[in-house]
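Since the structure comes first, as structure tokens, the remarks are kept for the end.
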Amino acid sequence: MEDLPSLEPNAQWPSNAFSLPNNLRFQELSSILEPGKQPKMDKSVILGDAVRMVVQLRDEAQKLKESYDNLQEKVNELKAEKNEPEMRTKAKSRMTKPLSSS
């Protein structure tokens, strides 16, 4: 079996990478979806697995985004609570300072 191009972001692809036969592309997709297992040969099964994986990854990404947003909101609340006593102290000190007469 010939070497397939790497899917790494900065990988150098051979000029003929897009002329690979579809069967080799399906084999590579199958091996990416289930590393270490014998690649499947049924194209519809491989595409079904790929769709399932994409949906799962999309759902996971959405959950992580929501979790991040919730944590960021909590951080902002905690920062506001931390600054609140400082604001009260500053306000009190302004109220207790004698007014200077001109």
[X] [atom1] to [Y] [atom2] distance, which is reported to the nearest 0.5 Å:
X	Y	atom1	atom2	result
I32	I46	CD1	CD1	11.0 Å
E28	L33	CD	CG	10.5 Å
F26	S31	CZ	OG	13.0 Å

Fill in: Partners meeting salt bridge (Lys or Arg N to Asp or Glu O under 4.0 Å) with D59 (sequence neighbours left out)
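Once residues adjacent in sequence are excluded, D59 has no partner under the salt bridge (Lys or Arg N to Asp or Glu O under 4.0 Å) criterion.
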Practice prompt. Could you point out which residue of E60, R58, E66 forms a side-chain contact (heavy atoms from CB on, under 4.5 Å) with Q62?
Written response: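 When side-chain contact (heavy atoms from CB on, under 4.5 Å) is applied between Q62 and each of E60, R58, E66, only E66 qualifies.
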Show me the side-chain donor-acceptor pairs of residues 49-56 shorter than 3.5 Å, one per line, residues at least two apart or across chains.
from	atom 1	to	atom 2	distance (Å)
D49	OD1	R52	NH2	2.6
D49	OD2	K40	NZ	2.6

Discussion item. N23 vs K43, test: side-chain hydrogen bond (donor to acceptor under 3.5 Å, both in side chains). Steps then yes/no.
Written reply: CA-CA 8 Å; N23 288 342; K43 292 177 185 177; 3.1 Å; yes
Worksheet item: Hey, does E73 have a side-chain heavy atom less than 4.5 Å from the side chain of D69?
Response: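 When only atoms from C-beta onward are counted, E73 and D69 do not touch, as no gap falls below 4.5 Å.
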